[in-house]
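Notes follow the structure.
The chain is numbered in sequence order, starting from 1. When reading the values below, keep in mind they use all heavy atoms of this one structure, side chains included, and skip hydrogens, waters and symmetry mates.
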Amino acid sequence: MNASFSTSSSRSSEPHNPFPASRLLLLFLALCGFFSLGNDRLPLIDRDEPRFAEASREMMQSGDWIVPTFNHAPRYDKPPLIYWMQVACYKTLGDNEFASRLPAAFCTALTAILLLLWGTRLADPRTGLRAALMYTLCLQVFVHGRAAVADPPMVLCVLAAAWTGWEWIQNPNRRVLGAAFWILLALGFLAKGPVAWIPIGMTGWAALQRRKSAQPVPSATAWLLGCAGMVGLVCLWGIPALRQTGGQFAAKGLGEHVVGRSLIAMEGHGAAGILGYLATLPFYFLTLFLSFAPWSFCLPAAFRSRKRIASPVAAFLTSGVVLTFAIFTLSRTKLPHYTLPAFPFLCLLLSLWWRKAMPAKRFRKIAWTTGILFAALPLIVFPLIPSLSVSESAVAAARPLLHQSTPVALVDYQEPSLIWGLRKAVRGFVEILSEADVERWMAQPGERLCILTTPAAQKIQGPWIRTPVEGFNFAKGRRVSLTLLKTAPAPKAP
């Protein structure tokens, strides 16, 4: 056995994977159910969730699998994998909140299964189970494991590529491992772009360490061919996307949303100026204690006694954590969940440490307490949110006033959650108006609905039905009062 698996060298008689397929399937389904609790009752309140969900709906309606759109405008933010997955769920379950979040639950559950298997291979089944539970029961994964966003499939691909890459450099003659490594990296790119290529740095660094000790590693030719194959797979989608958008998918998707986020603070996520940038450098080291809670509070002790688990594989996992935090620490745009790709590596490292340094009883206590809390929260809190959301209240008030062909417009409240909700009731796209255009637009023939903030509505004069609604805008964290302006229905012919 390789020295990298020295933690299990005395257990050579044990199988690497003592979990039969039936048990893994049951565990996977249980985890999918855990991350789906309450999702049918929780509206898409964050801005990113309804953007992804609506773009997938429009992809399904248009049949265009290459370029996603949001409210009929091209959406260059992310590659298409998450949209493809959501469309597959829509075709089975309908275009609803539960279906839009199902890919996240699926990918998060599968990530936990991979941690179980890799941890078992590195040490023993208990270590693998701890790593899987740590990932399942940390705060950031609780949020993003049920969110209709691109992060869960990207994290799954990063973890799978990292494990495959590790096995490949240990067994360079097994070409199937190399092929799987590059294919997973291509899928990771299609999930969320270049951030999914972190395992290239991890695997390259580990290969250099092995070469220093005269151990065999994959050849330079294998790396070049693999990289070319990965780029080729991405190009199967990328070239049609570039042609269809006149190059805008690269200019916007990579230029603005990748390079731009690294150089400037976008959408208010980060601080302006050099002093603000320097002040935010510790951001991820501070937010980690909340994002990775409750396990984050064990990290200082684990770091102090890190020599207990010193090994090539521990160094490999640590390189993934360091690379992830370094990339996003240097980036100007910052959000707590950007470091999610490092969480599986942290879970494996912490689980290996726990095996040697901490009592099993303490782990069970933390896991049971957190698990009960994370299961109860969706069942108790999620059903209360729709009545608090101003977008949900507006959609509920608008639904009786609409039929599929009713033109709908928004003015100064243009939240994606409202667009997602309105397009459940109307076939056309939502128009965006300036305040000065409202009276002219409402005066056109036929039934029409316009939604705007109540202060703006008070400036508008006209013989229209006014329906006020109030609620909380969760995206901006403030209470909002809206008014629905509806033209009177046309009189029925005698």
### Task
Return each pair, listed once, that meets salt bridge (Lys or Arg N to Asp or Glu O under 4.0 Å) where at least one residue sits in residues 384-402; pairs must be two or more places apart or across chains.
none
### Task
Could you tell me the separation between the CZ atom of Phe106 and the CE atom of Met85, rounded to the nearest 0.5 Å?
6.0 Å
### Query
Taking all non-hydrogen atoms of both residues, which atom of Phe285 and which atom of Thr329 are closest, and how far apart?
CE1-OG1, 3.9 Å
### Query
Residues in side chain to side chain donor-acceptor pair (under 3.5 Å) with Asp46, at least two apart?
none
### Query
Are Thr339 and Ser291 side-chain neighbours, meaning at least one heavy-atom pair lies under 4.5 Å?
no
### Task
Measure from the side-chain N and O atoms of Ser389 to the backbone N and O of Ile385, and report whether any donor-acceptor pair falls under 3.5 Å.
no
### Query
So, for Pro341 and Ile198, which heavy atoms are closest and what is the spacing to 0.1 Å?
CB-CD1, 4.5 Å
### Query
Are Tyr135 and Phe343 close enough that their ring centers fall under 6.0 Å?
no
### Query
Which pair of non-hydrogen atoms, one from Glu447 and one from Leu401, has the smallest distance, and what is that distance?
OE1-O, 4.4 Å
### Query
Between Val158 and Pro199, what is the shortest heavy-atom contact and its length?
O-CG, 3.5 Å
### Query
Are more than 12 heavy atoms from other residues, nucleotides or ligands located less than 6.0 Å from atom CZ of Arg243?
no
### Query
Does Glu97 offer a backbone N or O that forms a donor-acceptor pair with the side chain of Ser100 under 3.5 Å?
yes
#### Entry: Met59 side chain near Gln86 side chain, heavy-atom distance below 4.5 Å
no
### Message
Within this structure, what is the CZ-OG distance for the pair Arg75 and Ser56, rounded to the nearest 0.5 Å?
### Response
9.0 Å
### Main-chain N/O of Leu482 paired with Thr454 side-chain donor or acceptor, under 3.5 Å
yes
### Task
May I ask you to test the Val411-Trp441 pair for a side-chain heavy-atom distance under 4.5 Å?
no
### Message
Quick one about Gln61 and Asp95 (side-chain donor to acceptor, distance below 3.5 Å, no hydrogens or angles considered), yes or no?
### Response
no
### Task
Give the intermediate values and the outcome of ring pair (Phe, Tyr, Trp, His ring centres under 6.0 Å) for residues Phe249 and Trp237.
CA-CA 11 Å; Phe249 223 118; Trp237 161 78; 5.0 Å; yes
#### Entry: Enclosure of Arg47 CZ (heavy-atom neighbours >12, cutoff 6.0 Å)
yes
#### Entry: Shortest non-hydrogen contact from Thr487 toward Gly446
OG1-O, 3.5 Å
### Query
Would Cys107 and Val155 count as a side-chain contact (heavy atoms from CB on, under 4.5 Å) if you check the C-alpha gap in whole Å, the side-chain angles of each, and the deciding distance to 0.1 Å?
CA-CA 8 Å; Cys107 291; Val155 173; over 6 Å; no
### Task
Determine the minimum heavy-atom distance between Leu159 and Phe345, stating which atoms define it.
CD1-CE2, 4.2 Å
### Query
Could you walk me through whether Phe429 and Glu58 pass the side-chain contact (heavy atoms from CB on, under 4.5 Å) check?
CA-CA 10 Å; Phe429 296 102; Glu58 294 178 23; 3.5 Å; yes
### Message
Is it the case that atom NZ in Lys424 sees more than 12 heavy atoms from other parts of the structure closer than 6.0 Å?
### Response
yes
### Query
What about the rings of Trp295 and Phe363, do their centers lie closer together than 6.0 Å?
yes
### Task
Quick one: pull up OH in Tyr338 and CD1 in Ile327 and give me the separation to the nearest 0.5 Å.
13.5 Å
### Message
Both conditions, 6.0 Å and 45 degrees, for the charged tip of Arg101 above the ring of Phe35: are they met here?
### Response
no
### Query
About how many Å separate NZ of Lys486 and CE of Met442, when rounded to the nearest 0.5 Å?
8.0 Å
### Atom CH2 of Trp368: over 12 foreign heavy atoms under 6.0 Å
no
### Task
Side-chain contact test, heavy atoms from C-beta onward, threshold under 4.5 Å: evaluate it for Leu288 versus Phe325 and give yes or no.
yes
### Query
What's the spacing between Arg146 CZ and Leu42 CG if we round to 0.5 Å?
8.5 Å
### Message
Working to the nearest 0.5 angstrom, can you tell me the gap between Leu346 CG and Ser351 OG?
### Response
12.0 Å
### Message
Taking the side chain as everything from C-beta on, heavy atoms only, tell me whether Asp40 gets closer than 4.5 Å to Asn96.
### Response
no
### Message
Please determine whether side-chain contact (heavy atoms from CB on, under 4.5 Å) holds for the pair Phe328 and Phe283, giving the CA-CA distance in whole Å, both sets of side-chain angles, and the decisive distance to 0.1 Å.
### Response
CA-CA 10 Å; Phe328 292 110; Phe283 177 81; over 6 Å; no
